[in-house]
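The figures here come from the full heavy-atom set of this structure, side chains too, leaving out hydrogens, waters and symmetry mates. Just so you know, ligand 1 is whichever comes first in the structure, and atom 1 is the first atom listed for that ligand. Residues: numbered from 1 along the sequence shown.
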Amino acid sequence: MNPCDLNLLARAEVRELASYNAGLSSDAVRKRFGLNRIAKLGSNENPLGPAPAVAVAMAKACSEIALYPDASCQELRDALARKLGVPGEHLVFGNGSEDLLSIISRVFLDHDDEVVTVVPSFGLHFIYPLATGAHVVGVPMTASGAFDVAAMIAAITPRTRLLMFSCPSNPVGCTLNADELQQLLDVLPAHCLLVFDEAYYEYAQHEIDYPDCLGLIQASSKPFVLLRTFSKAYSLAGLRIGYGIVSDPTLADLIDRLRTPFNVNRVAQAAAVAALADDAHLQATLEHVAGERQRMASELRVLGVDCVPSMANFLFFKTAYNAETVNQSLLRQGVILKPWREPGYTDYLRVSVGSHQDNDLFLAALANSLASLAEHSLDDQQTRSA
Ligand SMILES: *Cc1c(COP(=O)(O)O)cnc(C)c1O
C-alpha cells in the first residue's frame with residue numbers, strides 16, 4: 001500500500017464513487033467569462049422565489065436561533081398531515097429530500113443488495129446506494145423518452161431491496177401513467193421497498209393527465225416512501241427541507257433512527273409552514289412554468305431541437321453536438337445548463353424553466369451556439385475534402 005495515497009484511507013465503495021455534478025454558480029461563471037448577465041438554468045430553481053410570507057416567518061425564526069430546532073418538526077408535520085390527509089406519524093423530514101435518499105440507502109441497503117432505478121437518472125439515486133456497497137441496475141428509458149415499465153419489472157430480482165426513481169423523471173420530465181404505475185405496484189415483491197421520488201409533484205399535479213400517484217400507491221398496500229421537497233415549486237432550495245410520506249409508521253421509525261436528530265433547521269421549518277399556506281403563490285409559479293415551458297419547447301422546435309414533453313420545470317433535449325461542447329459555448333454567453341454525462345446521453349442537456357427574460361437569453365444563446373457549431377463542422381468537412 002502506498003502510504004501517500006490518502007484515497008486508500010476510504011472504503012472501496014467511496015473511492016470508486018463519482019462526485020455529484022452540482023453545476024456552476026452564477027458568480028463563478030460571471031468571473032470566469034467577465035459577464036454581467038447570467039441565466040442560471042441548471043438546477044431547476046424557481047424564478048419567482050418563495051411566497052412573501054416566507055421572509056417574515058424566517059425573520060421570526062432567526063430571533064430564536066439560539067435554540068435547537070424542533071426535532072419532530074411538529075408544526076410542519078401537523079400542517080402537512082392536514083393538507084395531505086395522511087396521519088402525522090406517516091411523515092419523515094430531511095435536510096432536503098436528498099438527505100432522505102441518503103438515510104433510506106443506509107437504513108435499507110446492505111452489501112450486495114440490489115437497487116433498480118432508471119437511466120438517465122437523478123445522480124443521487126446511484127451515488128447513495130453505491131456508497132453502501134449495493135449494486136444499482138439502471139433501466140434505460142425507451143428511445144422515445146418514456147419509462148420502460150416492462151424492463152423495470154424484468155430488472156427486479158429476489159435481491160432487489162429498493163425500486164427507486166423520480167416521477168416526473170429528472171432529467172427527462174416524463175411520467176408514468178396510472179396503468180403503468182399499477183403494473184409496477186402489482187408485481188412489486190414484499191422484499192422490495194418502493195422509493196417514489198416526486199420532487200416535481202406540484203408541477204405535474206398542475207397538468208390534467210398526471211395520475212394521483214400517492215393515492216394509487218397507498219391503495220396498493222405495498223411498502224413505500226414517497227418523497228417530496230420544498231426546494232422546487234415552493235422555492236426554498238437554499239434552506240434544505242424535504243419530506244417523505246411512508247406507508248407505515250414503522251418505516252418512519254426506522255428512518256428516524258439514522259437521521260441526525262436536528263436535521264431540519266429552525267428557519268427552514270418556519271419557512272416551509274409559511275410556504276405551504278400560500279396556495280395562490282404556488283399557483284402563480286405553476287402557471288408561469290407551464291406557459292414558459294410550452295413556449296420554450298416550441299422555440300426549440302424552431303431551432304430544430306426536439307424535446308420530450310415534460311411535466312416538470314425543465315426540458316431535456318438533444319443536439320447534434322456533444323453536450324459538453326454546447327455547454328461551454330453557452331457558458332461563454334452567460335447561460336448555465338446541465339450537460340448530461342451518463343453514457344448514452346452525452347449529447348443531451350437539461351434546461352430549467354426560468355424567468356421569461358432568462359429563457360429568452362437561453363434561446364438566443366443556443367441559436368448562436370448551434371449556428372457557430374454548424375459553421376465549424378462545415379469548415380471541418382471542407383478541410384477534410386480539400
Ligand atoms: C431536486 C431533486 C431532489 C432534491 O431535492 P432537495 O429537497 O433539494 O434535496 C430530489 N430528487 C430529485 C429527482 C430532484 O430533482
Side-chain angles (χ1 to χ4, degrees), residues 20-23 40-47 49-50 54 73 76 80 91-105 115-129 136 138 141 147 162-176 194-205 210 213 224-245 255 259-260 263-265 267-269 271-272 275-276 285 289 293 310-316 336-338 340-342 345 348-354:
Y20 182 71
N21 170 14
K40 185 170 187 286
L41 301 173
S43 302
N44 300 343
E45 291 147 337
N46 177 355
V54 165
C73 298
L76 177 61
L80 271 173
L91 296 172
V92 289
F93 294 90
N95 192 262
S97 56
E98 64 184 26
D99 181 30
L100 289 167
L101 288 169
S102 162
I103 298 167
I104 288 165
S105 298
V115 175
V116 171
T117 189
V118 295
V119 182
S121 69
F122 180 59
L124 298 177
H125 293 166
F126 271 86
I127 292 174
Y128 289 141
V136 184
M141 296 288 190
F147 285 95
L162 300 180
L163 172 60
M164 176 154 81
F165 59 92
S166 59
C167 177
S169 144
N170 177 7
V172 181
C174 62
T175 65
L176 290 169
L194 173 65
V195 181
F196 195 86
D197 186 343
E198 220 178 17
Y200 301 93
Y201 163 74
E202 293 81 7
Y203 292 113
Q205 184 271 328
Y210 188 63
C213 294
F224 73 85
V225 184
L226 183 143
L227 297 175
R228 291 190 185 158
T229 178
F230 284 94
S231 296
K232 305 284 160 58
Y234 286 107
S235 207
L236 302 182
L239 281 174
R240 317 303 308 122
I241 178 163
Y243 64 96
I245 305 162
I255 289 168
R259 75 179 170 95
T260 59
N263 61 337
V264 183
N265 72 75
V267 180
Q269 290 187 33
L276 212 54
T285 291
V289 166
R293 185 180 60 212
S310 166
M311 284 206 197
N313 64 336
F314 51 80
L315 293 166
F316 194 53
I336 305 174
L337 257 54
K338 188 139 173 166
W340 225 254
R341 292 178 183 166
E342 284 175 290
Y345 299 90
Y348 280 84
L349 297 106
R350 190 193 68 198
V351 60
S352 309
V353 177

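- Of all the atoms in ligand 1, the ones that sit under 4.0 Å from a non-hydrogen atom of Ser166 are 13 (C).
- Between Asp99 and ligand 1, a contact under 3.5 Å exists for no N or O pair.
- For ligand 1, the atoms closer than 4.0 angstrom to any heavy atom of Asn170 are 13 (C), 14 (C), 15 (O).
- Listed by number with element, the atoms of ligand 1 under 4.0 Å from a non-hydrogen atom of Tyr200 are 1 (C), 14 (C), 15 (O).
- Distance from atom 9 (O) of ligand 1 to its nearest protein heavy atom, with residue and atom name: Arg240 NH2, 2.7 Å.
- With a 4.0 Å cut-off on non-hydrogen atoms, Phe230 does not touch ligand 1 at all.
- Below 3.5 Å of separation, one finds an N or O of Lys232 facing an N or O of ligand 1.
- Under the 4.0 angstrom criterion for non-hydrogen atoms, Asp197 is in contact with ligand 1.
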Problem set entry | Verdict with reasoning, Phe196 to Cys167, per side chain to side chain contact (heavy atoms under 4.5 Å, CB included) | CA-CA 7 Å; Phe196 195 86; Cys167 177; 3.5 Å; yes
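- Rounded to the nearest 0.5 Å, atoms CG (Leu101) and CD1 (Ile127) are 11.0 Å apart.
- Those atoms of ligand 1 with a heavy atom of Ser231 less than 4.0 angstrom away are 6 (P), 7 (O), 8 (O).
- A side chain to side chain donor-acceptor pair (under 3.5 Å) with Tyr200 holds for exactly one of Asn313, Asn44, Thr229, Thr175; it is Asn44.
- Checked against a 6.0 Å centroid threshold, the rings of Phe230 and Tyr243 count as neighbours.
- Closest to atom 5 (O) of ligand 1 among all protein heavy atoms lies Ser97 OG, 3.2 Å.
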Problem set entry | Chi angles and distances behind the side chain to side chain donor-acceptor pair (under 3.5 Å) call for Asn170, Arg350 | CA-CA 9 Å; Asn170 177 7; Arg350 190 193 68 198; 2.7 Å; yes
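- The distance criterion of under 3.5 Å between nitrogen or oxygen atoms is met by Thr229 with respect to ligand 1.
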Problem set entry | Working for side chain to side chain contact (heavy atoms under 4.5 Å, CB included), residues Glu45 and Ser352 | CA-CA 7 Å; Glu45 291 147 337; Ser352 309; over 6 Å; no
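- Here the OH-CE distance, from Tyr210 to Met311, works out to 8.0 Å after rounding to the nearest 0.5 Å.
- To the nearest 0.5 Å, the span separating CG on Asp99 from OH on Tyr128 amounts to 7.5 Å.
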